[in-house]
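Values below: all heavy atoms of this structure, side chains included; hydrogens, waters and symmetry mates excluded. Just so it is clear: chains get the letters A, B, ... in the order the sequence lines come, proteins before strands, and each one is counted from 1.
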Amino acid sequence: MTTTETDSATTETPPAARVTEEELARKARRSELTSRWFWRILSYVAVLAIWEFALLDIFSFLRGSPLDPKLLPGPSEVVATFFEIWGEGTMPAAFQATLTRIAVGFGLSFLIGAMIGILMQSKWFEGFFKDAVLISLSAPGLIWVLITAIIFGNRPLGPTIAIILTTFALVTVNVSEGIRALPKDLIDMAKSFQVNVFKRNRQIVIPHLAPYLFTGLRFGFSIAWKVTVLTEVFSSSAGIGFEMRISAVLFDMSEFLTWILAFFFFALFLEKVVLEAIERRYFRWRQAVTAT
Amino acid sequence: MAEIRIKNLHKEFGVGDDKVVALEDVNLDISGHSFVSIVGPSGCGKSTLLNILTGIETPTNGTVEITSDGHVAAPGYVFQAARLLPWRTVTDNLLFVQEDRSEGTKERCQRYLEMVQLGDKGDKFPGELSGGMQQRVGIARAFSIEPDVLFMDEPFSHLDAITARALRRELHHMWDETKKMVVFVTHDVGEAVELSNRILVFAKGGRLEDDIQIDLPFPRDPADDEVAVAKAHVLRKFEELDLLAS
Ligand SMILES: Nc1ncnc2c1ncn2[C@@H]1O[C@H](COP(=O)(O)OP(=O)(O)O)[C@@H](O)[C@H]1O
Ligand SMILES: [Mg+2]
């Protein structure tokens, strides 16, 4: 071991040039990222500015502002309301209710979807599930939301079933595709080296399926949260959708918008920051593949 | 000492109209410190034979037995394509086929990576390496388990001439030093004559047509008269088989 260490220490000088090259590339990447984020954030600022501006009472020739602040309050007012609601403590409770629903519903949906994906490798089960998968993929989520709201009222089973019906097929399709693309050449290689079946599954089958599962997770999640909020608007007595319904019924537009914005930013955070971080962390090898 | 015994080996793929006979009634014994090359046109069952010998495929009929001093021999296999796990680093790809992850094992893996000139690439993912480098990792992997029998399926066919030459020499040294058995598939007759003391010629339809001993001393220089004569002899066999086939 010591010999190899001194070996690598003596050959350390030439890679120094490469390090600076790598650093330059990293710097270029970072500055590109910064400018991309700048433009992205600028689009939000622009929309908010136009919105606020349209509400100002400066268009005397139009007899008042183009938008009625009672019907559409401006961003500044919404932000003020946001902190007001936050102070009351209703927001964390509502988020918790909604998130619990998503976690339970989508968790079950993921398991069921994956199971069906595995079963569909058999011809008979493929015939059995094929149309169900197709219908789930193509029917608009609103249909399931309405049906489950009618059947289950505000019992928790309603949203759970709506989430399952709208998202299981996305997981099924991805799992099926992953299984069909199993790398036979790698499994054969492992067999010839007498690697046992557990190690083969852990180190070949699961890492191979992981990106497919992850794609199912991402798409499924992006639908699951919309469906969840929608079910809460129609039925249920807690959660973000419920709060939206209450403020709409009370005609409190500022509060209504606050809830919408809060959830929008929250979903954006989960999809863009959390899921993308997971992807970067666990799928580094894929970047290596696509880079070359 | 390793020993391979193949009796009445027959292998078909598919049924009915899709039926393909890959190997037909092959009888063969290989023993001891042999370097056996298998040559023949593409589709004559060379890869299938190695796949059966390494347990990837099962015979339709007949038996194969690979033993080493009375116990089941451990095979190492170098494929035509590298077959590395893309989600594991180079070092982890070697460790994947080991029985344990002890310090001794890790050092051995590192030693074989250095043998193929990839000692500093252990932390890379296969996707970050060139095709030739990936193939060398596949070679290091097979060597690293220090197998009783080393099977190689056209291992150098995708490499550049200089790398292939260096690795051929390395392979010969390893065979010479460890006294292990090597079964080597190639379609390059020159390569077969340079490395082996026995050449098996397969024909279309998976029949073993010829079994040629080459008892020239190593290292063999392709420019050497005797080596050239041996090569010409094998090539002539090839042409005869080609004529028979057409
Ligand atoms: N898994 C398989 N399924 C069907 N046919 C196969 C399979 N593997 C090999 N064959 C057929 O068997 C014959 C021998 O193939 P192979 O052993 O790969 O030949 P070689 O390695 O000599 O080029 C070919 O006709 C090939 O098409
Ligand atoms: Mg082949």
Side-chain angles (χ1 to χ4, degrees), chain A residues 1-16 18-19 22 25 178 181-214 278-292, chain B residues 47 50-58 72-90 92-99 103-104 106-107 109-111 113-114 119-120 122-131 133-134 138 141-142 144-145 147 149-151 153:
Chain A
M1 208 56 226
T2 42
T3 49
T4 55
E5 231 136 67
T6 47
D7 264 10
S8 62
T10 48
T11 53
E12 203 67 323
T13 21
R18 200 164 56 224
V19 167
E22 263 169 29
L182 273 179
K184 185 176 181 306
D185 58 339
L186 294 183
I187 294 169
D188 282 348
M189 178 277 292
K191 275 187 198 162
S192 78
F193 280 96
Q194 272 140 34
V195 174
N196 68 48
V197 68
F198 297 106
K199 203 168 159 192
R200 291 206 301 262
N201 284 340
R202 212 178 54 241
Q203 302 225 36
I204 299 177
V205 177
I206 292 174
H208 163 81
L209 288 180
Y212 293 91
L213 288 172
F214 193 75
I278 293 174
E279 190 162 28
R280 264 198 303 279
R281 166 90 174 68
Y282 289 101
F283 300 116
R284 184 159 83 89
W285 65 269
R286 293 184 105 196
Q287 283 156 4
V289 172
T290 48
T292 48
Chain B
S47 298
L50 292 205
N51 286 344
I52 290 173
L53 288 170
T54 51
I56 292 173
E57 304 273 7
T58 50
V72 178
Y77 199 162
V78 179
F79 302 86
Q80 209 170 344
R83 301 203 189 183
L84 306 175
L85 312 186
W87 42 79
R88 290 278 178 270
T89 61
V90 165
D92 283 341
N93 262 284
L94 265 61
L95 288 173
F96 174 66
V97 299
Q98 312 295 325
E99 275 165 1
E103 277 309 309
K106 285 178 185 164
E107 273 170 41
C109 289
Q110 182 60 29
R111 210 167 54 237
L113 277 180
E114 273 157 25
D120 59 340
D123 294 332
K124 297 277 187 201
F125 285 101
E128 295 172 294
L129 304 180
S130 71
M133 285 170 159
Q134 292 179 21
R141 177 178 61 194
S144 72
I145 64 163
V149 185
L150 182 61
F151 294 98
D153 192 352

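- Annotation for B/R83 and A/D188: closest pair NH1-CB, 3.8 Å, computed over non-hydrogen atoms.
- How far OG1 of B/T54 is from NZ of A/K191: 10.5 Å, rounded to the nearest 0.5 Å.
- Considering CD1 of A/I187 and CD1 of B/I56, their distance stands at 11.5 Å, rounded to 0.5 Å.
- Within 6.0 Å of NZ in B/K106 there are more than 12 heavy atoms belonging to other residues, nucleotides or ligands.
- For chain A, the nearby parts of B/A142 are the backbone and the side chain; heavy atoms of each come within less than 4.5 Å.
- Across A/S192 and B/F79, no two heavy atoms sit closer than the pair OG-CZ, 3.7 Å.
- Neither the backbone nor the side chain of B/L53 comes within contact range of chain A, judged by heavy atoms closer than 4.5 Å.
- Only the side chain of B/R88 has a heavy atom closer than 4.5 Å to any heavy atom of chain A.
- Residues A/V195 and B/V97 share a closest heavy-atom pair of CG2-CA, 4.2 Å.
- Side-chain contact between A/Q194 and B/P75 is present, with heavy atoms from C-beta onward closer than 4.5 Å.
- In this structure, A/I204 and B/W87 have side chains that are in contact, with non-hydrogen atoms separated by less than 4.5 Å.
- In this view, B/F96 satisfies the ring pair (Phe, Tyr, Trp, His ring centres under 6.0 Å) rule with no residue, not counting sequence neighbours.
- Residue B/E99: no heavy atom, backbone or side chain, is found under 4.5 Å from chain A.
- Both the backbone and the side chain of A/Q203 come within contact range of chain B, with heavy atoms under 4.5 Å apart.
- Residues meeting the ring pair (Phe, Tyr, Trp, His ring centres under 6.0 Å) test with B/F151, sequence neighbours left out: none.
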